There are 2 protein chains.
Amino acid sequence: MSNAGQTITPSRSQRPKGEASAAPVVMVVDDDIDVRDSLRDLFDSVGIETELFASTGEFLDAGIPNRPCCLVLDLRMPGASGLDLQARLKELEKRVPVIFLTGYADVSTSVRAMKAGAVDFLPKPFRDQELLDAVGEALRIDVERRSGETAVSEVRKLADQLTPREVDVLRGVGRGLLNKQIAFELGITEITVKMHRSSAGRKLRVVSVADMVRKIELLKL
Amino acid sequence: MSNAGQTITPSRSQRPKGEASAAPVVMVVDDDIDVRDSLRDLFDSVGIETELFASTGEFLDAGIPNRPCCLVLDLRMPGASGLDLQARLKELEKRVPVIFLTGYADVSTSVRAMKAGAVDFLPKPFRDQELLDAVGEALRIDVERRSGETAVSEVRKLADQLTPREVDVLRGVGRGLLNKQIAFELGITEITVKMHRSSAGRKLRVVSVADMVRKIELLKL
DNA sequence: GTTCTCCCCATACCTTGGTATCTGGACAAC
DNA sequence: GTTGTCCAGATACCAAGGTATGGGGAGAAC
């Protein structure tokens, strides 16, 4: 399933699932080069790829890779702090699991970070294994989120081919109405409803009634 | 599931929805009577009911009320600590939102509490409003959880009237199979499948195909 | 024994769903 | 103008779902 030799085929956007199960990467944001280097060594030692950034700005410029990843973040940095970055990511709706590291920890900051959804919050000094455990958990969370999201986004991509009328009909189906009831509500004949329904089913690649109901749920129609 | 007032009104188990939207209550567990009293006064002042307990044991004996509630918990107490109680509740699968109060806070403890699912963690001294906000959030969470749970448990209650064969058939329906395919898989005729299917539908009070699919999903069949 | 539940099968009938193949109007893009 | 898309409709046919009303056998409970 690896994309190692894929340079020939431009299949990047054609197989998001392959991406989701690609090798994970840990992104480290810390202004201290010694910390960055030692973290890189730590993750190297267990065979986990890393990307290093000296500031939150540098990280945001690089963007978030399209594969399982998590963020190891120093709390206090010159300029934008770790908490700022966490908030910024939430604004941008980038849901990357975050692990905080900090030398100057206080309780209210740690609670704030955790309430904002951090996976872990490690005051220095910490044992290597603690961080590795946290990263393992964070990557697990990210893999799960990604698999869920690709499933949804694939259906959504199919769904935006739907015409307004097809959406109306699907909504009726989702509510458990019979074709004739949908027809009555929309002021059209049952035959036309069937037409839209089958057309919508084709577009959504529906293979059964159960499948159609599930996809309608997924799309929150 | 206490039987406290059962002698007078036997309506307890008959209206779970009513219970879920009943007046909320904050349960306070703290060994210091002064703290208990002042918290009671605080919640009284905003019209929120309280129940006070001097130890985790006392709280566990009383059981968890069948209405929206949350737990305000002192971290350090003689005997079982707040974290112990939190862990114990998880064991018992009692999902009550927990808010920690503590005078002797350290970061790793707060992170542990938050990772275990605490809603908030307030080091003393804190402002009254902080606690009230946290309680408001906790109660909101509990109300939501309860409404979701009653929906599931109602379907589940209907579902345990199903015979094994009916479950087999429903599983097939959930997988989007046609009646004849289900019949083939089970080694029976299509007519019998229809019989089980309609029987199961009656038992689950299904009103449409979409409804049946949703309930099958809900039951994770 | 009787009674009950669960499981299985069958015939018959009707409703609903799904598809194919037609027609036609409104409207926008070129 | 032509082309294309969306919407709406019709007729016909077949597959699938649903129900009603029969029947019978196995096993547990009484």
Side-chain angles (χ1 to χ4, degrees), chain A residues 13 151 153-221, chain B residues 153-221:
Chain A
S13 63
S153 76
E154 263 169 45
V155 177
R156 214 179 292 279
K157 206 163 60 186
L158 294 175
D160 57 17
Q161 299 176 338
L162 295 174
T163 69
R165 216 48 169 169
E166 286 164 353
V167 174
D168 290 339
V169 171
L170 286 184
R171 256 195 274 264
V173 174
R175 284 164 52 209
L177 301 179
L178 300 177
N179 283 346
K180 65 164 66 168
Q181 294 174 305
I182 300 172
F184 178 75
E185 283 201 0
L186 298 179
I188 58 180
T189 65
E190 188 185 343
I191 297 103
T192 309
V193 171
K194 285 186 180 181
M195 206 215 85
H196 289 305
R197 180 170 176 163
S198 76
S199 169
R202 250 193 315 279
K203 289 180 182 175
L204 293 182
R205 305 228 206 291
V206 161
V207 296
S208 68
V209 190
D211 192 25
M212 176 173 281
V213 173
R214 264 189 289 267
K215 282 178 177 164
I216 291 172
E217 294 274 279
L218 211 64
L219 293 169
K220 291 195 267 290
L221 284 182
Chain B
S153 76
E154 264 169 44
V155 177
R156 214 180 292 280
K157 205 163 62 188
L158 294 175
D160 57 15
Q161 299 175 340
L162 295 173
T163 68
R165 215 47 168 169
E166 286 164 352
V167 173
D168 290 340
V169 171
L170 286 184
R171 256 195 272 265
V173 174
R175 284 165 51 210
L177 301 179
L178 301 178
N179 284 345
K180 65 165 64 169
Q181 293 174 306
I182 300 171
F184 178 77
E185 282 201 0
L186 298 179
I188 58 181
T189 64
E190 189 186 341
I191 297 102
T192 309
V193 171
K194 286 185 181 181
M195 208 213 83
H196 288 305
R197 181 170 175 162
S198 76
S199 169
R202 251 193 314 281
K203 288 181 183 175
L204 293 183
R205 305 228 206 291
V206 161
V207 295
S208 68
V209 189
D211 192 26
M212 176 173 280
V213 173
R214 265 189 287 268
K215 282 178 175 163
I216 291 172
E217 294 275 279
L218 211 64
L219 293 168
K220 290 196 270 287
L221 283 181

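The analysis underlying the following values was restricted to heavy atoms, covering all of them including side chains, and did not include hydrogens, waters or symmetry mates. Throughout, a chain's letter reflects where its sequence line sits, starting with A, and its residues are numbered from 1. Only a predicted model underlies this, so the values are computations on that prediction, with no experimental measurement involved.
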In whole Å, I'd like the distance from the CG atom of A/Leu162 to the P atom of D/dT5. 16 Å
Atom CD of A/Glu190 and atom P of D/dT11: how far apart are they, to the nearest Å? 14 Å
Say you draw a straight line from CZ of A/Arg165 to OG of A/Ser199; how long is it, rounded to the nearest 0.5 Å? 13.5 Å
Protein-nucleotides 23-25 of chain C N/O pairs closer than 3.5 Å?
none

Between B/Arg171, B/Met195, B/Lys203, B/Arg197, which is the residue that forms a side chain to side chain contact (heavy atoms under 4.5 Å, CB included) with B/Glu166? B/Lys203
Nearest 0.5 angstrom please: A/Glu185 CD to A/Lys180 NZ, how far? 14.0 Å
What's the CE-P distance between B/Met212 and D/dA16, to the nearest Å? 18 Å
Trace of the side-chain contact (heavy atoms from CB on, under 4.5 Å) decision for A/Ile182 with A/Val173: CA-CA 8 Å; A/Ile182 300 172; A/Val173 174; 3.9 Å; yes
I want to check one thing: is the phosphate of C/dC9, taken as OP1 and OP2, less than 4.0 Å away from some side-chain N or O of B/Thr189? yes
Can you check the B/Phe184 CZ to D/dA16 C1' distance for me, whole Å? 19 Å
Return the value, rounded to whole Å, for the distance between atom CG of A/Leu178 and atom C1' of C/dG18. 15 Å
Find the distance A/Asp168:CG to D/dC6:P and express it as a whole number of Å. 14 Å
What's the CZ-C1' distance between B/Arg165 and C/dC7, to the nearest Å? 8 Å
Please tabulate, one pair per line, each protein N/O and nucleotide N/O from nucleotides 18-22 of chain D that are separated by under 3.5 Å, including the distance.
| unit_1 | atom_1 | unit_2 | atom_2 | d |
| --- | --- | --- | --- | --- |
| D/dG18 | OP2 | B/Arg197 | NE | 3.0 |
| D/dG18 | N7 | B/Lys194 | NZ | 2.9 |
| D/dG18 | O6 | B/Lys194 | NZ | 3.3 |

Please confirm whether the shortest side-chain N or O distance from A/His196 to OP1 or OP2 of D/dC6 is below 4.0 Å. no
Would you say a side-chain N or O of A/Thr163 is under 4.0 Å from OP1 or OP2 of D/dC7? yes
Could you tell me which non-hydrogen atom of B/Leu158 sits nearest to which non-hydrogen atom of B/Leu204, and how far apart they are? CD1-O, 3.7 Å
Please report the interatomic distance CG(A/Asp168) to CG(A/Leu186), rounded to the nearest 0.5 Å. 5.5 Å
To the closest 0.5 Å, what do you measure between NE2 (A/His196) and CG (A/Asn179)? 11.5 Å
Any Lys/Arg nitrogen of B/Asp211 or B/Lys215 sitting under 4.0 Å from an Asp/Glu carboxylate oxygen of the other? yes
For A/Gly174, does its backbone N or O pair with a side-chain atom of B/Arg214 as donor and acceptor, under 3.5 Å? yes
Judged by each residue's nearest nucleotide on DNA chain C, which is more toward the 5′ side, B/Gln161 or B/Ile188? B/Gln161
